[in-house]
Undergrad: 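This structure is in structure tokens; I'll ask about it shortly.
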Amino acid sequence: MKTFYKLKFTYPLLASLIVVACGGVPEEKAELQGEENVFSVEEVLEMVSKENDVTRTLYTKAIVGKGKLQGMKFDEDWRKDKVEAGPLPALFLRGVATSIKRGPVPLGLYLGSDHPVNAANKFEGKQAELFEQIKKDQEPQFFYDDSQKLHTAMFADLASAGACVTCHNDHPQTTKSDWKLGDVMGATTWQYPKDSLTYKETVAVLNSYAKGTVDIYMEYLDEIEHFKESEKPEIGDKWPQDGKYLPTAEVFLDSVKKLSSYETMKHLVSLNKK
Ligand code: HEC
């Protein structure tokens with residue numbers, strides 16, 4: 001829990017720094033206090049999607065990829081009592097989505113494909129249509145989903161690590177067995193009810209994603225705690241590339257922030273130049 005409280009303040013701290021740095025300009029007050037709508041929903045979903053790309057690649061490569069070399073296991077049934085393993089990358093993402101759904105921020109997240117391993121992840125309707133375009137140019141797609149009354153954004157999910165390709169090609173339930181590195185394997189779909197967001201709402205979206213990451217990662221560490229037969233990796237500040245180690249949730253999220261927050265911060269700070 002300690003970790004979580006610390007993390008919660010990352011973005012608000014940034015916000016207050018900006019306010020302090022630019023204080024004393026009355027006209028800009030409402031904006032700086034975060035009450036004015038300053039970001040379009042597209043911009044915000046793009047920001048959170050970038051954070052997700054970094055988190056997903058880090059988890060896939062540094063935890064799953066390197067962890068496997070140390071004998072750590074990752075399984076789709078990782079939550080079952082008898083299975084002593086961690087979540088696969090797609091299930092890590094679903095864990096983030098579940099945590100966001102439980103919280104107060106109305107942000108939706110879903111990972112789909114036209115050739116899914118799990119039939120429940122198959123795109124339908126408008127999303128299936130737009131996915132065809134994403135496969136061609138890898139550009140994000142935005143639309144307003146009338147039936148759900150939600151602004152929707154879709155971003156390519158690329159085979160960024162060898163592990164993505166081999167695992168999907170070899171999976172017993174696979175519907176396609178010739179995936180290659182760099183292929184568009186699917187897309188993340190993000191949804192939000194409003195067309196523009198205040199500064200505060202934007203920060204809340206980013207925080208809810210970061211909290212989701214910590215929640216699912218902590219569930220994984222908790223699972224390890226209950227291993228009866230498998231060797232337990234040592235949890236601290238080291239990574240699987242150095243041996244039978246796993247980073248704490250705090251160390252994991254710190255790395256995500258180092259890799260991604262520069263872009264996000266540039267975006268948030270650029271407001272003050274208007
Ligand atoms: C060790 C196996 C494994 C690895 C590694 C893996 N996946 Fe998956 N992936 C799965 C399984 C199993 C599912 C279905 C999970 C579910 O929803 O039940 C899945 C689901 C998905 C989905 C949703 C559509 C579908 O196939 O059900 C996409 C898209 C996807 N993975 C892309 C990737 C990408 C990109 C990577 C690498 C960054 C990756 N996967 C790494 C096994 C794997």
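Read the numbers this way: they start at 1 and go in the same order the structure lists the ligands and their atoms.
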Undergrad: Heavy atoms only: which of V184, V117, T174, L158 lies closest to atom 26 (O) of ligand 1?
TA: V117
Undergrad: Using a 4.0 Å cutoff against the non-hydrogen atoms of E76, which atoms of ligand 1 qualify?
TA: 12 (C)
Undergrad: For atom 15 (C) of ligand 1, find the nearest protein heavy atom and state the residue, atom name and distance (0.1 Å precision).
TA: L91 CD2, 3.9 Å
Undergrad: When you look for heavy atoms under 4.0 Å from ligand 1, do you find them on the side chain of P89, its backbone, both, or neither?
TA: side chain
Undergrad: Specify the closest pair of heavy atoms between W179 and M185, including all atoms of both residues, with the distance to one decimal.
TA: CZ3-CA, 3.5 Å
Undergrad: May I ask you to identify the nearest protein heavy atom to atom 22 (C) of ligand 1, giving residue, atom name and distance to one decimal place in Å?
TA: L111 CD2, 3.6 Å
Undergrad: Is it true that atom NZ of K101 has more than 12 heavy atoms of other residues, nucleotides or ligands lying nearer than 6.0 Å?
TA: no
Undergrad: Measuring from atom NZ of K258 to atom CG of L253, what distance do you get when rounded to the nearest 0.5 angstrom?
TA: 10.5 Å
Undergrad: Measuring from atom 39 (C) of ligand 1, which candidate in A161, C164, A90 has the nearest non-hydrogen atom?
TA: C164
Undergrad: Out of K176, K135, K122, which one pairs with D114 under the side-chain hydrogen bond (donor to acceptor under 3.5 Å, both in side chains) rule?
TA: K135
Undergrad: Please work out whether the ring planes of Y59 and Y220 are parallel, tilted or perpendicular, with thresholds of 30° and 60°.
TA: perpendicular
Undergrad: Hey, which atoms in ligand 1 end up nearer than 4.0 Å to a heavy atom of G112?
TA: 29 (C)
Undergrad: Atom 18 (O) of ligand 1: which protein heavy atom is closest, and how many Å away?
TA: N118 ND2, 2.8 Å
Undergrad: Please work out whether any backbone atom (N, CA, C, O) or any side-chain heavy atom from C-beta onward of A187 is under 4.0 Å from ligand 1, and answer side chain, backbone, both or neither.
TA: neither
Undergrad: For atom 29 (C) of ligand 1, tell me which residue out of D170, D183, D53, D157 has the closest non-hydrogen atom.
TA: D157
Undergrad: With respect to N121, determine whether any N or O atom, backbone or side chain, lies less than 3.5 Å from an N or O atom of ligand 1.
TA: yes
Undergrad: For atom 33 (C) of ligand 1, what is the closest protein heavy atom, and at what distance to 0.1 Å?
TA: R56 NH2, 3.1 Å
Undergrad: Which atoms form the tightest heavy-atom contact between I216 and G95, and what is the distance?
TA: CD1-CA, 3.8 Å
Undergrad: Would you give the length of the straight line joining atom CH2 of W239 to atom OG of S255, rounded to the nearest 0.5 angstrom?
TA: 4.0 Å
Undergrad: Against D77, only a single residue in K73, K80, R79 fulfils salt bridge (Lys or Arg N to Asp or Glu O under 4.0 Å); can you say which?
TA: K80
Undergrad: Would one find an N or O of H168, backbone or side chain, under 3.5 Å from an N or O of ligand 1?
TA: yes
Undergrad: Can you list everything that forms a ring-ring contact (aromatic ring centres under 6.0 Å, His included) with F123? Sequence neighbours excluded, please.
TA: F131
Undergrad: What are the two closest heavy atoms between Q70 and P240, and how far apart are they?
TA: NE2-O, 3.0 Å
Undergrad: Would you mind running through ligand 1 and noting each atom that sits below 4.0 Å from a heavy atom of H171?
TA: 12 (C)
Undergrad: Is there an N/O/S atom in C167 at a distance below 2.8 Å from atom 8 (Fe) of ligand 1?
TA: no
Undergrad: Just which atoms of ligand 1 are under 4.0 Å from any heavy atom in S160?
TA: 38 (C)
Undergrad: Give a yes or no on whether K66 atom NZ has more than 12 heavy-atom contacts from other residues, nucleotides or ligands under 6.0 Å away.
TA: no
Undergrad: Closer than 4.0 Å to some heavy atom of S113 - which atoms of ligand 1 meet that?
TA: 24 (C)
Undergrad: Should one rank K68, R94, Q173, K176 by closest heavy-atom distance to atom 17 (O) of ligand 1, which comes out on top?
TA: R94
Undergrad: Please work out whether any backbone atom (N, CA, C, O) or any side-chain heavy atom from C-beta onward of L88 is under 4.0 Å from ligand 1, and answer side chain, backbone, both or neither.
TA: side chain
Undergrad: Name the closest protein heavy atom to atom 5 (C) of ligand 1, giving the residue it belongs to and the distance to 0.1 Å.
TA: A163 O, 3.3 Å
Undergrad: Can you tell me if NZ on K232 sees more than 12 non-hydrogen neighbours from other groups inside 6.0 Å?
TA: yes
